[in-house]
Asks: 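First the structure, which I've put down as structure tokens, then a few questions once you've had a look.
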Amino acid sequence: MTILQVTVLFLVFTLAYTRSRRSGPVASQTLPSPGSFRTFTPSDLLDFNGTNGKGIYIAVRGRVFDVSTSKNFYGPGGPYENFAGRDATRGLALQSFDKEVLTKDLNGPLDDIKDLTRDELGNLESWEERFLLKYPVVGELVSNDDFELQQQTQVSA
């Protein structure tokens, strides 16, 4: 075997090893650690905006993602800071980072996004796939009314 063949073989094995190591942790990131999955209301989620040391969480279609590892994007001063501690579903679908796309009434129902077009839903799906690959899901987002119902059901069970 020549030195060139050994070098090529080494590079192929190194590349294969690096790719296999990269794909393992990404898949496990989408699973919450035991005991960390919880239910959030919009008001609860607001505390996770990166300003008080609690981390940075963003909700997309009812899933709450921990995006703290990307604080340069989602934290204070970042281009997506408006989404920190909020339901970003509509904003991602519309590709708008303006505060106007965020739900104003945190005590009201969640945005049902029924008025979105096929293209907007496609945008949302693309963002959701990226989030699922990159960030752990730490909970679910429910309206205050649904949270109250869950609490009553647990108490009566």
Asks: If you take all heavy atoms of Glu81 and Gly75, which pair is closest and at what distance?
Replies: CB-O, 3.2 Å
Asks: Checking Ser68 side chain against Ile56 main chain: does a donor-acceptor pair fall under 3.5 Å?
Replies: yes
Asks: Would Ser143 and Thr41 satisfy side chain to side chain contact (heavy atoms under 4.5 Å, CB included), going step by step from the backbone distance to the final call?
Replies: CA-CA 6 Å; Ser143 69; Thr41 65; over 6 Å; no
Asks: Would you check if the distance from the ring center of Tyr135 to the ring center of Phe65 is below 6.0 Å?
Replies: no
Asks: Knowing that exactly one of Val67, Val64, Asp66 qualifies, which makes a side chain to side chain contact (heavy atoms under 4.5 Å, CB included) with Ile58?
Replies: Val67
Asks: For Lys104 and Lys99, run side chain to side chain contact (heavy atoms under 4.5 Å, CB included): C-alpha distance rounded to whole Å, both residues' side-chain angles, the deciding distance at 0.1 Å, then the answer.
Replies: CA-CA 9 Å; Lys104 306 279 187 276; Lys99 287 184 178 181; 5.9 Å; no
Asks: Can you give me the closest heavy-atom contact between Asp111 and Thr103, atom names plus distance?
Replies: CB-OG1, 4.4 Å
Asks: Assess the side chains of Thr89 and Asp87: does a donor N or O sit below 3.5 Å from an acceptor N or O?
Replies: yes
Asks: Can Asn123 and Ser126 be counted as having a side-chain donor-acceptor contact under 3.5 angstrom?
Replies: no
Asks: Counting N and O atoms only, with roles assigned by atom type, does the side chain of Glu120 sit under 3.5 Å from a partner on the main chain of Thr117, one being a donor and the other an acceptor?
Replies: yes
Asks: Heavy atoms only: give me the nearest Leu45-Leu141 pair and the separation to one decimal.
Replies: CD2-CD1, 4.1 Å
Asks: Quick one: do Tyr57 and Leu46 end up in the same hydrophobic cluster if we chain Ile, Leu, Val, Met, Phe, Trp and Tyr together by side-chain heavy atoms under 4.5 Å apart?
Replies: no
Asks: Whether Arg63 and Glu140 form a salt bridge (side-chain N of Lys/Arg under 4.0 Å from carboxylate O of Asp/Glu) is what I want to check.
Replies: no
Asks: Please report the closest heavy-atom contact between Asn49 and Thr51, naming both atoms and the distance.
Replies: OD1-OG1, 2.6 Å
Asks: Honestly, is Arg38 close enough over Phe40, meaning NZ or CZ under 6.0 Å from the six-membered ring centre and within 45° of the axis?
Replies: yes
Asks: To the nearest 0.5 angstrom, please state how far the CD atom of Glu128 sits from the CG atom of Leu121.
Replies: 10.5 Å
Asks: Could you check whether Asp115 pairs with Arg90 (Lys NZ or Arg NE/NH1/NH2 to Asp/Glu carboxylate O, under 4.0 Å)?
Replies: yes
Asks: Test your reading of the model: is there a side-chain donor-acceptor pair from Ser70 to the backbone of Phe73, 3.5 Å cut-off?
Replies: no
Asks: If you round to the nearest 0.5 Å, how far is CD of Glu129 from CG of Leu124?
Replies: 10.0 Å
Asks: Work out which heavy atom in Asn144 is nearest to a heavy atom in Leu106; give both atom names and the distance.
Replies: ND2-O, 3.4 Å
